[in-house]
Amino acid sequence: MSAIDDLFGRLRAENQKAFIPFITAGDPNLAVTKAILEAFDAQGCHLAEIGLPYSDPIADGPTIQASYTRALADKIKVPDIFSMLSEVKSLSMPRVCMTSYSIVHRLGEQKFLEMSTTSGLAGAIIPDLPLEESPRFAGLCKEHDFSLIQLVTPMTPRDRALRIAENSSGFLYFVSVTGITGTRDSLPEDLLQNVAWMKEQTSLPVCVGFGISRPDHVRELRDVADGLIVGSGIVRHLESCDPANPEETIQKVSNYVGEMIAALK
Amino acid sequence: MSATSQVPDQHGRFGDFGGRYVPETLVHALEQLDLAYREAIRDADFLKTLDGLLKDYVGRPSPLYFAERLTEACGGAQIYLKREDLNHTGAHKINNTVGQALLTKRMGKQRVIAETGAGQHGVATATACARFGFECIVYMGEEDIRRQSLNVFNMKRMGAEVRPVTTGSRTLRDAVNEAMRDWMSSVQDTHYILGSVVGPHPFPAMVRDFQAVIGRETITQAEASFGKLPDTVVACVGGGSNAAGMFYPFVDHSEVELVGVEAGGRSNLLGDHAAPLTYGQPGVLHGSLSYVMQDEDGQTADVHSISAGLDYPGVGPEHSYWKQTGRVNYTSCSDKEALDAHGKLAQLEGILAAVESSHAIAKAMQIATERSPEEKVVVCLSGRGDKDVFEIARLLEEEI
Ligand SMILES: Cc1ncc(COP(=O)(O)O)c(C=O)c1O
């Protein structure tokens, strides 16, 4: 049982849904990332996703790409990110990282897992490691009680979605749209139906992400999904962050997250 | 382990390399593409139409030309040029785009996207799209748009939209990222005509197969012209499509020496060249596992070459497999050597080669010099140099 299994077990017992914010590690620097993670926790976020910046993110839209570029401009290194994560181990919300397999491969799967677990991460989302490429790494993750969260998209045929669900751990990441990350005004019409179908097929929690950025999106989805993931909606607040005076940005992010969580209830 | 032509396997693996490291959104489309492709190449009508286009539209077969004065100047082995520069649009790229355009039609898609570096693949895609009546969008780095303005004009003239890419290093690698992002949202009605033997399965195998006409013709022409296979075959390697197309039919002829030439750039320091097989190590980029230039964190490193078409930090996975098995010898030559070879070929043979191809010419001249006059060296002259005139003129004035 990973910390994520515990979390959803509790939430289900209380008939509650998870709010899952995403933040890029190191945008504009790791001190700000740490402060934002603390603010997430203080606001009652249930789980946090920390993006390890990557130079060539093909699944990401302009907002997260720009955020990664800002983080990398400062020559941020993966070991520094893990050090920062070790300093927030006492937070009550579990943490997972989101990263490209390029980074995992370069570090080595075993070493990546060791660094992740040592710094208190409960799992990882690796969008460019689809089902066919993941068996070996998934096996290693299992040995470490580390969740490897797999993704299902609107383009995924249903029989494949079942196989992905069987091989996911922690939760299943249901991508709302056919496309890249980024805020959107409205969510696809058949999304609720598709999520409901997915939920009938699996006992894993099903969390929805991509495009969710407004309280009305949260209200639209809260009854059907087990959790909601918000990325670009948060990251865009960092565009105007002054690294010397980040307090205002941190407060804005914190307020935004507070509003989104309020809409869950 | 020795190399075989029976690759990739069903997962797109060439030995340890290749695969499909892409977001789930693209997996189903890649499976469908793989299926459509495998059906198409077993369909006699498809192959007949493709052959017809290659003959009457592209102008194949391209000649295998004996470069007599170049041979004399080197004073060793006989040098033959496989004249891909004489194809319609002036490079090998059209072999692939005509094939993939025909496949696009077969899949019932109407919109095509592509990335381009030197602009040769962009032009070849715009050309094929005009020929088939497809909407065409070409992603091109801002830096490359500056270096290759002639090709930009030609793409637009043929009705393509050229979208400048302003992220990252503003070159080929960033153009691939943008094309993939477009495809993430448009995959239902859009085909991505990838321009080299890179990317997720089935692209490396499919592009190689469409380019393999180069090597197949070379075998037939060599036998007709000097009654045996060449001793040595040389090609430049950017993503690796002209080299893969040239080498693949020779893979099982183990007596033929194969030499791939990467862009050595200004020096062997990281960031000064674009030679992952020479200086890089295995990593994941653009959907496959292959040699790549990365820093110690797995971030893609900047690369440099005078040639926009070789200015790419990765390389096709089959090349990594050929390197690992020792089937192909990979080496590099510098910006300066390539420029010198460009001048030599122009003055001795009256052929203005692309700077990409000039890398192969430079290495072939070195090899020929060391070999006996009975030996035959074939070089893939992958493209002509019209697109490079402004850049070469600028370099000659400023640096040489
Ligand atoms: C003439 C020519 N040769 C070679 C290349 C390099 O590509 P590849 O290695 O895929 O053949 C290019 C790319 O634009 C080109 O235009």
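Just so it is clear: chains get the letters A, B, ... in the order the sequence lines come, proteins before strands, and each one is counted from 1. Please read all numbers here as calculations on a predicted model, not as lab measurements. We use all heavy atoms of the structure for the numbers below, so side chains are in, but hydrogens, waters and symmetry mates are not.
Remark: the Tyr192(B) side chain and the Gln100(B) side chain contain no N/O donor-acceptor pair separated by less than 3.5 Å. Counting only N and O atoms by type, the side chains of Asp311(B) and Thr171(B) include no donor and acceptor under 3.5 Å apart.
Atom CG of Asp185(A) sits in a sparse spot, with 12 or fewer heavy atoms from other residues, nucleotides or ligands closer than 6.0 Å.
Counting heavy-atom pairs closer than 4.5 Å to chain B, the top residue among Val78(A), Ile103(A), Leu72(A) is Val78(A). In terms of heavy-atom pairs under 4.5 Å with chain B, the best-connected choice from Asp56(A), Leu129(A), Val104(A), Ile180(A) is Asp56(A). In terms of heavy-atom pairs under 4.5 angstrom with chain B, the leader among Leu52(A), Val152(A), Leu131(A), Asp60(A) is Asp60(A). Your options are Val175(A), Thr156(A), Val177(A), Leu107(A), and the one with the most heavy-atom pairs under 4.5 Å with chain B is Thr156(A).
With a threshold of 4.5 angstrom between heavy atoms, Thr178(A) approaches chain B through its backbone and through its side chain. At a 4.5 Å heavy-atom cutoff, the contact between Ile164(A) and chain B is made by side-chain atoms alone. Proximity to chain B (any heavy atom under 4.5 Å) is shown, for Gln150(A), by neither the backbone nor the side chain. Residue contact with chain A, scored on non-hydrogen atoms closer than 4.5 Å, involves the backbone and the side chain of Asp295(B) alike. For Leu26(B), no part lies near chain A; criterion is any non-hydrogen pair under 4.5 Å. In this structure, chain A has a heavy atom under 4.5 Å from the side chain of Gln281(B), while its backbone stays farther away. Ile76(A) touches chain B through its backbone: at least one of N, CA, C or O sits under 4.5 Å from a heavy atom, while the side chain does not. Neither the backbone nor the side chain of Pro154(A) comes within contact range of chain B; no heavy atoms are under 4.5 Å apart. There is no contact between Ser186(B) and chain A, counting heavy-atom distances below 4.5 Å.
Remark: Lys199(A) engages Asp226(A) in a salt bridge, criterion side-chain N to carboxylate O under 4.0 Å. Taking the charged nitrogens against the carboxylate oxygens, Asp27(A) and Arg70(A) do have a contact shorter than 4.0 Å, which makes a salt bridge.
When atom types are taken as modelled, the side chain of Ser119(A) and the backbone of Ser116(A) share a donor-acceptor pair closer than 3.5 angstrom.
Remark: aromatic rings of Tyr21(B) and Tyr101(A) are close, center separation under 6.0 Å.
Taking CZ of Arg208(B) as the start and CD of Glu318(B) as the end, the distance is 4.5 Å to the nearest 0.5 Å.
Note that Lys109(B) lies outside the cation-pi zone of Phe134(B), set by a 6.0 Å cut-off to the ring centre and a 45° limit from the axis.
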